[in-house]
Amino acid sequence: VQLQACGGGSVQPGGSLRLSCTASGDRIFDIGNGGWYRQAPGKQRELVASITTRSIASYEDSVKNRFTISRDSAKKTIFLEMNNLKPEDTAVYLCNANVFYGWGPMKESNFWGKGTLVTVSS
């Protein structure tokens, strides 16, 4: 089981990107509570947005009204839609989520995806 994150890139200020975090592997039933973190050079990792299995979302103050986290259980994916990007959003973005999986009794474990780089620059 692994989480695969993608969607990063380079954009100008005011631009948009959509990140995806998909659970893959054998016998994946669903993706549970999850979130997106980011880590900029020289800074600590911070939680940007999180979402529960009931799609209750929460956001770090600096991204409220600009970022939207969502989930698609059928696709076993958590998304992060980022609009009106600012240079200070530049960072490696990482997803973290609980995943329900397994043969026989279902298991639930927490996983990290590899980071995807977001660069906002003019």
Side-chain angles (χ1 to χ4, degrees):
V1 176
Q2 59 181 341
L3 294 179
Q4 296 178 319
C6 63
S10 296
V11 296
Q12 293 185 338
S16 299
L17 286 171
R18 189 191 198 203
L19 307 183
S20 300
C21 175
T22 302
S24 64
D26 287 341
R27 295 287 284 184
I28 304 293
F29 293 106
D30 201 356
I31 193 165
N33 296 339
W36 284 95
Y37 292 72
R38 67 185 178 188
Q39 188 161 19
K43 294 188 177 180
Q44 288 189 331
R45 184 176 297 183
E46 64 175 351
L47 177 62
V48 175
S50 63
I51 189 166
T52 70
T53 53
R54 296 186 178 185
S55 294
I56 297 172
S58 61
Y59 300 93
E60 192 269 330
D61 285 346
S62 70
V63 306
K64 285 181 180 177
N65 301 315
R66 298 191 298 122
F67 290 11
T68 302
I69 190 170
S70 61
R71 59 183 296 120
D72 185 331
S73 289
K75 295 182 179 179
K76 303 174 181 60
T77 299
I78 293 175
F79 301 98
L80 185 67
E81 184 79 31
M82 305 186 294
N83 297 313
N84 191 20
L85 282 160
K86 302 177 180 180
E88 51 264 41
D89 294 319
T90 295
V92 174
Y93 284 71
L94 306 102
C95 64
N96 175 271
N98 291 340
V99 179
F100 299 93
Y101 66 100
W103 297 91
M106 187 170 62
K107 304 176 183 63
E108 179 186 5
S109 297
N110 185 260
F111 295 90
W112 284 92
K114 291 184 178 179
T116 184
L117 177 63
V118 171
T119 303
V120 185
S121 174
S122 55

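Note that these values count all heavy atoms, side chains included, but never hydrogens, waters or copies made by symmetry. Residues: numbered from 1 along the sequence shown.
- Tyr93 contributes atom OH, which lies 15.5 Å from atom SG of Cys6 (distance to the nearest 0.5 angstrom).
- Between Thr53 and Asp30, every side-chain heavy-atom pair lies at or beyond the 4.5 Å cut-off.
- With a 4.5 Å cut-off on side-chain heavy atoms, Val99 and Lys76 do not count as touching.
- Interatomic distance, Ser122 OG to Gln12 CD, rounded to the nearest 0.5 Å: 7.0 Å.
- When hydrophobic clusters are built by joining Ile, Leu, Val, Met, Phe, Trp and Tyr residues whose side-chain heavy atoms come closer than 4.5 Å, directly or via intermediates, Phe67 is grouped together with Leu17.
- Remark: of the listed residues Leu3, Thr77, Thr22, Asn98, Leu3 is the sole one forming a side chain to side chain contact (heavy atoms under 4.5 Å, CB included) with Ile31.
- Here the shortest heavy-atom pairing between Gln39 and Lys43 reads NE2-O, 3.3 Å.
- Taken to the nearest 0.5 Å, the OH atom of Tyr37 stands 7.5 Å off from the OG atom of Ser50.
- Distance CG/Asn83 to CG/Asn65: 11.0 Å, rounded to 0.5 Å.
- At a threshold of 4.5 Å between non-hydrogen side-chain atoms, the residues Ser10 and Ser121 do not count as touching.
- Of the inter-residue distances, the one linking Phe79 atom CZ with Trp36 atom CH2 reads 10.0 Å to the nearest 0.5 angstrom.
- Looking at Arg71, its side chain never comes within 3.5 Å of a backbone N or O of Asn33 through a donor-acceptor pair.
- Under the 4.5 Å side-chain criterion, counting only non-hydrogen atoms from C-beta, Met82 is not in contact with Val11.
- Taking both residues in full, the closest heavy atoms of Gly8 and Leu19 are given as N-CD2, 3.5 Å, listed atom of the first, atom of the second, then distance.
- Note on ring orientation: taking the six-membered ring where Trp is involved, the planes of Phe111 and Tyr101 are perpendicular (angle over 60°, cut-offs 30° and 60°).
- Within 6.0 Å of NZ on Lys107 lie more than 12 heavy atoms contributed by other residues, nucleotides or ligands.
- Applying the salt bridge (Lys or Arg N to Asp or Glu O under 4.0 Å) criterion to Asp61, with sequence neighbours excluded, gives Lys64.
- Screening residues 21-122 for disulfide (SG to SG under 2.5 Å) gives Cys21-Cys95 as the qualifying pairs, with residues at least two apart or on separate chains.
- Under the 4.5 Å side-chain criterion, counting only non-hydrogen atoms from C-beta, Tyr59 is not in contact with Ile51.
- Leu117 and Val120 fall into different hydrophobic clusters, where Ile, Leu, Val, Met, Phe, Trp and Tyr side chains are chained together by heavy-atom contacts under 4.5 Å.
- Contact check for Val63 versus Arg38: side-chain heavy atoms found under the 4.5 Å cut-off.
- Using modelled atom types, one side-chain atom of Arg66 and one backbone atom of Asn84 make a donor-acceptor pair closer than 3.5 Å.
- The NZ atom of Lys86 sits 7.5 Å away from the OG atom of Ser62 when rounded to the nearest 0.5 Å.
- Put simply, Ile78 and Leu47 are part of two different groups of oily side chains (I, L, V, M, F, W, Y) that touch within less than 4.5 Å, one to the next.
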